[in-house]
Asker: 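Before we start, here is the structure in question, set down as structure tokens.
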Amino acid sequence: MAAAAEFTLHSYRQARTALARAIEVAGGSADIRRLRNVSLSYTGHRNMINQSRRAFPPWDREPASGTVIVDRAGERMFAENYTSYPGIGRFGGAWALNGDHGAHWEPARNHHGSEIIATFSGRDADGPWALIPRWIPPLMLLDAWDSGINLRSLGNTVRDGRPMHALAWTQRDRATITLLVDADSGAFSGFEWIHDDGVYGDVTDRVEYSDWHAIRGVYFPTRRTDWFNHEIARELDLDYRTDTALADDQFEIPPGYSQPQKTEAAARLQKVADGVYLDTQVDGVMIVEFRDFLAVVDCPDSFRIADSTIAALRDAFPDKPVRYVVPSHTHGDHGGGARAYFHAGATLLTTPGHVEFYRRLAQVRRTISPDPYLAPDSGPAIEEFRDKHTISDGTQTMVLHDVGPNAHSAELTIVHLPIHGIVWQADVFISPATGGGVNPAMPIGIEFAEKLKSLGIDDFTALLEGHNRRVVTSEEFRRALALAGYRGYEPFRATQI
């Protein structure tokens, strides 16, 4: 017992020694603590790992930018970030907090809409506040120091050929971070953390800071490189300012946003038409009921999330197994849950260029968040189709179309239910999930309209989306196209099977 206790205390003391040296190299505790506020603006690019037009590297490169402001004297913070996605343009989020109260919203309103996404109070605010030191290294060092005995040495390691002291520290949002301190110079190099990913399994994220310069005696980096396992995920140029004049409205929600509407808890399955449902807890997932089985469209994120849909379907349709699952494409937010459907005995329907992706997903190593699926030697049940595939039992008909290549994905499956006049799609048309109305269609949305015309799908009564459970009408779709200056999608003509 004494030896174990001494080992733990030694680990703590080693960590404190390395951290104290890193703080001194960064400018010293006194000068860092004197900072009243710090502002950061950054620009660069993101390598779109598992968000590219192709299922495998080389990845598309897209612009990335953002702002981080912390008013240490006033206990206020603001952060926003933006990334463009292939074919669908810029998406972003913003956070503002005053003490332990604040909100999260979408500045562009092109996906979530004009309602605030979330509000924060009390411990809910720990997440946004934990963002700040991850972007402002001198403050990360102070936060680690001020955590008291919440610090341990993990020993020495090597990064990019340089020896590093590795220090474990748990932030206020309960995320455990590994700080990396150069063993030779004592300088703070960056940090790592681990997480589970639906597509890649065990993942180590690493942030590496470089090219430091002094501002009022405190050292800040001018470059940040983010790693996802062994791939570069993001490369950014950083521009810091300290002790500047701050306006109160920088920490406030902009005009035009409303509080989230309070709604009664919805049933798990929302009926859209006879035998057609949406999973209200996994937005964008559509379920099609046939006489003897079910087909599920899209399987986002992870085994756990997809398995919750499967469990809900077992309760609602105890005599009808899920025979098919149809991911729209290979991005994790549309196909990361495929393993749950393999485990349930379903066959995955996809296009030829995506077959190998789902074979590899079935084999990926998982120790952070293990699941019960074990791929057989023959591989998972996958059936490929080209261009078009129809499933019908004489009562229900479901037609799959590959609408690729397009600017978002080389292959992308949409689903047409001709009996009901329903089209389901992902990422080629996006409407605000809240607040009503539509935005001007993106170029890829106009391309989608042209593709529908070429397929003979002249109109529909309902357009379902892979990222929310809003049901868009044909009139709303045409209005979005018109706002973008396109009027080539003809009014409704009854679609034949």
Asker: Please output the side-chain donor-acceptor pairs of residues 306-314 that fall under 3.5 Å, not counting sequence neighbours, one pair per line with the distance.
Answerer:
{"residue": "S308", "atom": "OG", "partner": "R268", "partner atom": "NH2", "Å": "3.1"}
{"residue": "S308", "atom": "OG", "partner": "I305", "partner atom": "O", "Å": "2.6"}
{"residue": "T309", "atom": "OG1", "partner": "D279", "partner atom": "OD2", "Å": "2.7"}

Asker: Suppose we call two aromatic rings close when their centres sit under 6.0 Å apart. Are H329 and H354 close by that rule?
Answerer: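 Ring centroids of H329 and H354 are no less than 6.0 Å from each other.
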Asker: Got a sec, which residues hit side chain to side chain contact (heavy atoms under 4.5 Å, CB included) with S210, two or more places apart in sequence or on another chain?
Answerer: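 For S210 the side chain to side chain contact (heavy atoms under 4.5 Å, CB included) partners, ignoring immediate neighbours, are R223.
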Asker: Could you tell me which residues satisfy salt bridge (Lys or Arg N to Asp or Glu O under 4.0 Å) with D182, sequence neighbours excluded, listed by chain and number?
Answerer: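 If we apply the salt bridge (Lys or Arg N to Asp or Glu O under 4.0 Å) test to D182, skipping adjacent residues, the hits are R162.
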Asker: Would you compute the distance between atom CZ of R359 and atom CD1 of I382 and round it to the nearest 0.5 angstrom?
Answerer: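 The CZ atom of R359 sits 6.0 Å away from the CD1 atom of I382.
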Asker: Does R339 make a cation-pi contact with Y373, if we ask for NZ or CZ under 6.0 Å from the ring centre and within 45° of the axis?
Answerer: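 The answer is no; the distance or angle limit is not met.
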Asker: For E62, enumerate each residue passing the salt bridge (Lys or Arg N to Asp or Glu O under 4.0 Å) test, keeping only those at least two apart in sequence or located in another chain.
Answerer: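 Checked E62 against salt bridge (Lys or Arg N to Asp or Glu O under 4.0 Å); zero matches.
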Asker: If you compare all heavy atoms of E465 against all heavy atoms of F429, which two are closest, and at what distance to 0.1 Å?
Answerer: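 Looking at all heavy atoms of both residues, the closest pair is OE1-O, 3.4 Å.
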Asker: Between W169 and F191, is the ring centroid distance below 6.0 Å?
Answerer: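 That pair fails the under 6.0 Å test.
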Asker: Using the six-membered ring of Y257, assess whether NZ or CZ of R109 lies under 6.0 Å from its centre and within 45 degrees of the ring axis.
Answerer: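 Judged by the rule, R109 and Y257 form a cation-pi pair.
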Asker: Is the positively charged end of R360 above the ring of Y200, judged by distance under 6.0 angstrom from the centroid and angle within 45° of the axis?
Answerer: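 Verdict for Y200: no cation-pi partner in R360.
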Asker: Only counting residues at least two apart or in another chain, list the ones meeting salt bridge (Lys or Arg N to Asp or Glu O under 4.0 Å) with D301.
Answerer: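 Testing D301 for salt bridge (Lys or Arg N to Asp or Glu O under 4.0 Å), a comparison that skips the adjacent residues, returns none.
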Asker: Got a sec, which residues hit ring pair (Phe, Tyr, Trp, His ring centres under 6.0 Å) with Y358, two or more places apart in sequence or on another chain?
Answerer: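 Listed in chain order: nothing, the list is empty.
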Asker: Under the ring pair (Phe, Tyr, Trp, His ring centres under 6.0 Å) test, which residues partner H104, sequence neighbours left out?
Answerer: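 Residues passing ring pair (Phe, Tyr, Trp, His ring centres under 6.0 Å) with H104: W95.
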Asker: Applying side chain to side chain contact (heavy atoms under 4.5 Å, CB included), can you list everything that pairs with T170, at least two apart in sequence or on another chain?
Answerer: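 By the side chain to side chain contact (heavy atoms under 4.5 Å, CB included) rule, T170 matches N150, T176.
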Asker: Taking ring pair (Phe, Tyr, Trp, His ring centres under 6.0 Å) as the definition, give me every residue that meets it alongside F357, ordered by chain and number, with sequence neighbours left out.
Answerer: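 Testing F357 for ring pair (Phe, Tyr, Trp, His ring centres under 6.0 Å), a comparison that skips the adjacent residues, returns none.
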Asker: Under the rule for salt bridge (Lys or Arg N to Asp or Glu O under 4.0 Å), what residues qualify as partners of D184, not counting sequence neighbours?
Answerer: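 Salt bridge (Lys or Arg N to Asp or Glu O under 4.0 Å) list for D184, sorted by chain: empty.
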Asker: Counting only pairs under 3.5 Å, give me each side-chain donor-acceptor contact of residues 136-146, with atom names and distances, residues two or more places apart or in other chains.
Answerer:
{"residue": "D146", "atom": "OD1", "partner": "R33", "partner atom": "NH2", "Å": "2.8"}
{"residue": "D146", "atom": "OD2", "partner": "R33", "partner atom": "NH1", "Å": "3.2"}

Asker: How would you list, by chain and number, every residue that makes a ring pair (Phe, Tyr, Trp, His ring centres under 6.0 Å) with Y341, sequence neighbours excluded?
Answerer: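 Partners of Y341 under the ring pair (Phe, Tyr, Trp, His ring centres under 6.0 Å) test: none.
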